[in-house]
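Computation of the quantities below employed the complete heavy-atom set of this structure, encompassing side-chain atoms and omitting hydrogens, waters and symmetry-equivalent molecules. Counting from 1, the numbers follow the sequence of the chain as shown.
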Amino acid sequence: MPEGDAIHRAARRLQVLVGQVLEVETPHPRAAVKQLAPKLDGRRLESVEAIGKNILFRFEGGPVLRSHLRMSGRWRVLGRDAPVFGKPWLVLRGAEHAGVLWGGPVLELDRGVALRLGPDILAEPPEYDAMLSRLRSVPERQVGDALLDQRLVSGIGNIWKVEALWTQRISPWRRVDDVSDDELRAVLATAHDVMRARVEGVPYRATIYRRKGRMCPRCGTPIKSWPQGDDARMAYWCPQCQRGEEPATA
């Protein structure tokens with residue numbers, strides 16, 4: 001799944017369309033039935049904003065289009081007259097460029113979803129106090145699961161959850177009420193710093209994500225993995241560096 005940093009990079013590329021009157025097409029049948037093109041075609045695009053894992057397109061006159069890529073979606077910016085293959089969900093054509101969305105499972109006029117999201121981990125400056133307050137509202141949740149809840153903190157995905165918790169030596173299986181404010185703030189700051197660097201194009205190689213059975217680079221203990229939370233997102237952790245209660249079957 002594209003994470004918050006990838007969404008911010010996509011929104012940055014799409015800025016070339018801001019301020020222009022757009023031609024809007026929805027070639028894919030599942031997008032066409034939503035009647036987005038008749039509602040947006042010929043309107044001026046006023047802004048493109050990334051919030052968590054969502055991209056919001058604000059059009060002249062009030063409509064706000066929300067795009068969430070989930071597992072398979074991707075945005076590309078092409079020349080206005082470049083060939084577009086297949087059946088993309090959305091094509092936004094400006095004077096010189098076209099924004100093209102393939103595989104966009106969530107594409108809709110926003111009905112306030114963005115207002116229900118938690119503070120964006122990539123905001124400048126990050127609202128750490130607000131994030132902590134929301135995380136404290138779910139004391140029984142495992143911290144690795146809570147960090148992925150976009151209503152608590154928006155933008156963190158599974159890769160950065162895994163890497164930030166490992167960096168700060170915190171087990172993903174610890175309950176939120178067992179993790180101190182200083183520890184939570186350190187995890188959030190780590191996620192912010194790495195993700196912000198990725199937005200700016202700084203390369204990053206995951207340390208333990210998808211490294212089950214390989215040696216922890218810090219202590220040499222084999223990395224474990226096990227599904228976590230209702231969505232069964234895979235957690236990776238070092239049982240030596242990140243001590244704490246673990247799932248019985250891991």
Next on the checklist: If we count only N and O atoms by modelled type, under 3.5 Å, do the side chains of Trp226 and Glu246 hold a donor and an acceptor together?
Outcome noted: no

Indicate if [X] and [Y] have the same hydrophobic cluster label, given that clusters are the connected sets of ILVMFWY residues with side-chain heavy-atom separations under 4.5 angstrom.
X	Y	answer
Tyr236	Val179	yes
Leu40	Val84	no
Leu56	Val24	no
Val48	Val64	no
Val16	Leu90	yes

About how many Å separate [atom2] of [Y] and [atom1] of [X], when rounded to the nearest 0.5 Å?
X	Y	atom1	atom2	value
Cys216	Ile223	SG	CD1	4.5 Å
Ser225	Tyr209	OG	OH	10.5 Å
Cys241	Arg218	SG	CZ	4.0 Å
Leu107	Thr26	CG	OG1	8.5 Å
His28	Lys87	NE2	NZ	7.5 Å
Ile156	Lys53	CD1	NZ	9.0 Å

Next on the checklist: Please evaluate residues Gln168 and Glu183 with respect to the criterion side-chain hydrogen bond (donor to acceptor under 3.5 Å, both in side chains), reporting the C-alpha separation (whole Å), side-chain torsions for both, the decisive distance (0.1 Å), and the verdict.
Outcome noted: CA-CA 7 Å; Gln168 297 301 328; Glu183 288 176 314; over 6 Å; no

Given 3.5 Å as the limit, does a donor-acceptor pair link the side chain of [X] with the main chain of [Y], or not?
X	Y	value
Glu46	Val18	no
Ser133	Asp129	no
Ser154	Gln150	no
Arg196	Leu122	yes
Glu25	Ala37	no
Arg174	Arg243	no
Asn158	Met234	yes
Glu127	Ala123	no

Checklist entry - Step by step, would you call Glu23 with Arg80 a salt bridge (charged side-chain N to carboxylate O under 4.0 Å, His left out)? => result CA-CA 10 Å; Glu23 299 172 15; Arg80 172 186 165 82; 3.0 Å; yes

Item to check | Test side chain to side chain contact (heavy atoms under 4.5 Å, CB included) applied to Gln242 and Ile170, step by step | outcome: CA-CA 5 Å; Gln242 298 168 269; Ile170 296 171; 5.6 Å; no

Got [X] and [Y] here, is their nearest side-chain heavy-atom distance under 4.5 Å?
X	Y	result
Leu152	Ser137	yes
Asp120	His8	yes
Trp89	Lys34	yes
Lys39	Phe59	no
Arg134	Val153	no
Gln20	Leu45	no
Val194	Val202	no
Trp237	Trp173	yes

Checklist entry - For the ring pair Trp160 and Tyr204, is the centre-to-centre distance below 6.0 Å? => result yes

With a 6.0 Å cut-off (strictly less than), is the heavy-atom count around [atom1] of [X], excluding the residue itself, greater than 12?
X	atom1	answer
Arg74	CZ	yes
Glu96	CD	no
Glu245	CD	no
Arg136	CZ	yes

Next on the checklist: side chain to side chain contact (heavy atoms under 4.5 Å, CB included), that's the test. Do Asp177 and Arg141 meet it? Break it down for me.
Outcome noted: CA-CA 8 Å; Asp177 62 358; Arg141 295 270 295 272; over 6 Å; no

Next on the checklist: Using the rule given for side chain to side chain contact (heavy atoms under 4.5 Å, CB included), can you reason through Leu78 versus His97, listing the C-alpha separation, both sets of side-chain angles and the distance that settles it, and then say yes or no?
Outcome noted: CA-CA 6 Å; Leu78 309 173; His97 299 89; over 6 Å; no

Can [X] and [Y] be counted as an ion pair, charged N to O under 4.0 angstrom?
X	Y	answer
Glu108	Arg66	yes
Glu200	Arg12	yes
Arg151	Asp149	yes
Arg93	Asp81	no
Glu49	Arg58	yes

Checklist entry - What's the verdict on side chain to side chain contact (heavy atoms under 4.5 Å, CB included) for Ile7 and Asn54, showing C-alpha distance, side-chain angles and the deciding distance? => result CA-CA 7 Å; Ile7 303 304; Asn54 301 271; over 6 Å; no

Checklist entry - Should the pair Trp75 and Phe57 be assigned to parallel (<30°), tilted (30 to 60°) or perpendicular (>60°) ring geometry? => result tilted

Taking all atoms of both residues into account, what is the closest heavy-atom pair of [X] and [Y], and its distance?
X	Y	value
Leu17	Leu22	O-CD2, 4.2 Å
Ile55	Ala11	CD1-N, 4.2 Å
Pro203	Arg198	CA-NH1, 4.2 Å
Pro63	Leu109	CB-CD2, 4.4 Å
Ala191	Ala164	N-CB, 4.1 Å
Met215	Pro222	CE-CG, 3.6 Å

